Amino acid sequence: MAFGRDNDNNEEILNTLNQQNNPEEDFGAEEIAVQKDSTEESETPQPQPDPKPAKRENSNVQMPNLVDGWRIINNDDLPNHGVLYPSSWRFAYRCPTAKEVINFSTVDDRDTPAIMAAIEDLVRKCVKIWDLDTEQEVSSTEINDGHKLYFILKLREFYIPNNYIQLSSICEICHEEYNVDLKPESIMYPELSETLIEAYDGRIFSLYMGDSDEPIRFRIPTIGTSSRLFKYMVKVYNDRNTKDKEKKDNKLMFDKSFLKIAPFLFITGKEPVVEIIAKFKKIKDNEKLLESYVSIIDNIQLDNASEIYTVCPKCDGEGTVEIAFPGGWKKIFAKDLDTKGYFKV
């Protein structure tokens, strides 16, 4: 499983990630396992990475799958085979610590902003992105908002190996009831047209709508931008003693049309929410432009499907089942350690 464009880059990237680990977090200290090429003789010694590796030419070292607790995600295994990220980005993730899981489990399933914040916090701590072109780490808040379930399930799979969330399904053909494992690779994403991908540079869409000569440009919604909007909403809700003009702007935060369009108004991803509010006002005053935005948002499909495919073990009949968490978000990382049956009736 390669992390970079070549083996030299792979080794250097993961060593850099390891050097940047937060010392206060328990990442584990796994022995470095180096994969050998199938044509290499077993007695050939494998070189070990230096603490501060330099670029080497013509190295035959294969990239390990696990280095100091970090696992690498092949870009082709990402949602939509990774086409919605810059081709130079590489992803790695580690197992959440018990402390991090406890913090996540305190989330209130009725509090959407709290859920968003908890997901962002856990993913930000446990996932790293490295850009091969700039040789710099990219903030994990740049993960696409529609991919957060995939990454949460990857973290859960690491934290609780071989113990997947099970969804109950009933075959429509033979009426057999059976369970289906909810795995990261089970998550389905709509197929994207080549025309849409060609209008995307890895972060920004540039779409010509109708007969307009000017493209509508917007940054793909990320967990970072979505979280910022939700946090601002919470701030507005909690702050009722503001000036008249701010009160008028704050009411806009709960306008359904604003909530629909706002995630698609970022360009840099760093704009203040007040700037997004001002941009929305201008769009709302331009009926043709507003129609274009609504058409884009109604048709672009960046989120995962709400169901997964199933195959009946009895008759091989195919079907689908809705994605659900039996215990809610707060119990998604819950381990069943009751080996004696104390709590089972």
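All values derive from a computational prediction rather than experimental measurement.
By the side chain to side chain contact (heavy atoms under 4.5 Å, CB included) test, K282 pairs with no residue at all, sequence neighbours left out. In this view, K331 and A334 satisfy the side chain to side chain contact (heavy atoms under 4.5 Å, CB included) rule, not counting sequence neighbours. The side-chain hydrogen bond (donor to acceptor under 3.5 Å, both in side chains) search around N299 returns none, not counting sequence neighbours. Looking at residues two or more places apart in sequence or on another chain, you find a side chain to side chain contact (heavy atoms under 4.5 Å, CB included) between D111 and D108, P113, A114. With sequence neighbours excluded, the residues satisfying salt bridge (Lys or Arg N to Asp or Glu O under 4.0 Å) with K231 are E120. Applying the side chain to side chain contact (heavy atoms under 4.5 Å, CB included) test to P272 and every residue at least two apart in sequence or in another chain returns V274, E275.
The stretch residues 194-210 participates, sequence neighbours left out, in these side-chain hydrogen bond (donor to acceptor under 3.5 Å, both in side chains) pairs: E142-R203, N144-R203. Pairs passing the salt bridge (Lys or Arg N to Asp or Glu O under 4.0 Å) check and including a residue from residues 287-316, sequence neighbours excluded, read E176-K314, D211-K288, K260-D298. Among residue pairs with one or both ends in residues 176-195, those qualifying as ring-ring contact (aromatic ring centres under 6.0 Å, His included) are H147-Y189; sequence neighbours excluded. Sorted by first and then second residue, the salt bridge (Lys or Arg N to Asp or Glu O under 4.0 Å) pairs involving residues 154-167 (not counting sequence neighbours) are K154-E157.
Between F264 and F218, the ring planes are perpendicular. Angles over 60° get that label, and only those under 30° would be called parallel.
Alongside Y309, the hydrophobic cluster contains M188 (criterion: ILVMFWY side chains under 4.5 Å). Residue V311 is found outside any hydrophobic cluster, as its side-chain heavy atoms come under 4.5 Å of no other Ile, Leu, Val, Met, Phe, Trp or Tyr.
Among the candidates T310, V321, D181, the single residue satisfying the side-chain contact (heavy atoms from CB on, under 4.5 Å) test with L167 is V321.
Looking at T225 and T222, their side chains do bring a donor and an acceptor atom within 3.5 Å of each other. A side-chain N or O of D131 and one of W89 form a donor-acceptor pair less than 3.5 Å apart.
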